[in-house]
2 protein chains.
Amino acid sequence: MFKLTRKVEYALIALRHMQSKGSEVVTNTKEIAEAYDIPVQLLAKTLQQLAREGIIDPVQGPHGGYRLTANLEDLNLTDFIELLEGPMGLMDCYFDSRCEQLRVCNIRLPIVKINDSIRNLFNQMSLADLTK
Amino acid sequence: MFKLTRKVEYALIALRHMQSKGSEVVTNTKEIAEAYDIPVQLLAKTLQQLAREGIIDPVQGPHGGYRLTANLEDLNLTDFIELLEGPMGLMDCYFDSRCEQLRVCNIRLPIVKINDSIRNLFNQMSLADLTK
DNA sequence: ATTAAATACGACTTTATTAGTCGTATTTAA
DNA sequence: TTAAATACGACTAATAAAGTCGTATTTAAT
């Protein structure tokens, strides 16, 4: 329970790897996959997603790969996780209030508060904090 | 991602329900299941688990049910979740360091820190806070 | 004693989510 | 023209969560 998905893990590993090499350097998927023993295809999809989201910049063709473009100081953990995995909430009703039990639910408010606390915590953390 | 399991939800709903009735009153599974539209059998198993853990006290036979015994002030959210669902960590290596990738992993420490923060947050919250 | 209403609990099935793979297309440097 | 890279949808496999079933036990009420 409460685990990060591999997608998020792999994305963080890759970003940290790229960051340590500097933002001009182009790094390819295979290099990262081998260095950290991650399935290439899966990492590939993850990096493609990061590219679509504008966090890294793709360079196609031979000697291609990705270049880190986003300023990791400006990206917080909540946004990062939601960008990869969609809405992050302890219960669905945090985002979608079509739960049948809502009218009788006696724990919604406290859970919403906890959720806010977690989001707040994650908002305080930039990816730069996590990858340096 | 990051959702509480139903087991935890149902347990919290039940505890809150029982608490609102006072700690001498015996409440049975069916009553709670019907009030909140929860599958009886599943709630039954959950309450049995709470009983095994000493949080509620079973009363067998007709007019039986459960009575709230634990002092909810003394039980924090980390302990409660782990008691129902086992170890709570963003990555398995928080508890079990047999991960093959550990020697190359570049994100372990930051993740451990985040995990500590979440645990810390959850440690501050007693079940009494959540159910009153 | 018998009955019925409750808990106890392991085994099983179903469903949802996550993880990973495959095939094929596109881009581009050499 | 080739080969090394990204792009991406469709598929499959593995894992975890949710829910069901059957059967046993306890005990108050009759």
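Numbers restart at 1 for each chain; the letters A, B, ... are given by sequence-line order, proteins then strands.
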Compare side-chain N and O positions of [X] against OP1 and OP2 of [N] and report whether any pair is under 4.0 Å apart.
X: B:T5; N: D:dA16; result: no
X: A:T29; N: D:dT6; result: yes
X: A:Y10; N: C:dG20; result: yes

What nucleotide among [options] has an atom nearest to a side-chain atom of [X]?
X: A:P62; options: D:dG19, C:dT21, C:dA29; value: C:dA29
X: A:Y66; options: C:dT7, D:dT6, C:dC9; value: D:dT6
X: B:Q41; options: D:dC21, C:dA6, D:dT6; value: D:dC21
X: B:Q60; options: C:dC9, D:dT26, D:dA7; value: D:dT26
X: A:L42; options: C:dA19, D:dA7, C:dA8; value: C:dA19

Which residue lies toward the 5' end of DNA chain D, A:K3 or A:V59, if each is placed at its nearest nucleotide?
A:V59

Closest nucleotide of DNA chain D for B:E85 versus for B:H63: which of these residues is on the 5' side?
B:E85

Find the distance [X]:[atom1] to [N]:[atom2] and express it as a whole number of Å.
X: B:R6; N: C:dT14; atom1: CZ; atom2: P; result: 19 Å
X: B:Q49; N: C:dA8; atom1: CD; atom2: C1'; result: 13 Å
X: B:R67; N: C:dA6; atom1: CZ; atom2: C1'; result: 14 Å
X: B:I56; N: C:dT7; atom1: CD1; atom2: C1'; result: 11 Å
X: A:L47; N: D:dA7; atom1: CG; atom2: P; result: 9 Å
X: A:K7; N: C:dT21; atom1: NZ; atom2: P; result: 16 Å
X: B:D92; N: D:dT15; atom1: CG; atom2: C1'; result: 12 Å
X: B:Q48; N: D:dT20; atom1: CD; atom2: P; result: 15 Å

Closer than 4.0 angstrom, basic N to acidic O: yes or no for A:R119 and A:E82?
yes

Between A:K21 and A:E31, is there a side-chain N and carboxylate O pair less than 4.0 Å apart?
yes

Is there a side-chain contact between B:L12 and A:I111, using heavy atoms and a 4.5 Å cut-off?
yes

Partner of C:dT27 under the Watson-Crick or G-U wobble criteria, both distances under 3.5 Å, comes out as D:dA4

Using only atom types and a distance under 3.5 Å, with no angle test, would you say the side chain of B:E85 pairs donor to acceptor with the backbone of B:T5?
no

Donor-acceptor pair present, A:K45 side chain and C:dT21 base, under 3.5 Å:
yes

What distance do B:M1 atom CE and A:L90 atom CG have between them, rounded to the nearest 0.5 Å?
11.5 Å

Of B:M1 and A:P39, the one whose closest DNA chain C nucleotide lies more 5':
B:M1

For a side-chain hydrogen bond (donor to acceptor under 3.5 Å, both in side chains) check, start with the C-alpha distance between B:N123 and B:T78, then their side-chain angles and the critical distance, and finish with the verdict.
CA-CA 6 Å; B:N123 283 337; B:T78 308; 2.8 Å; yes

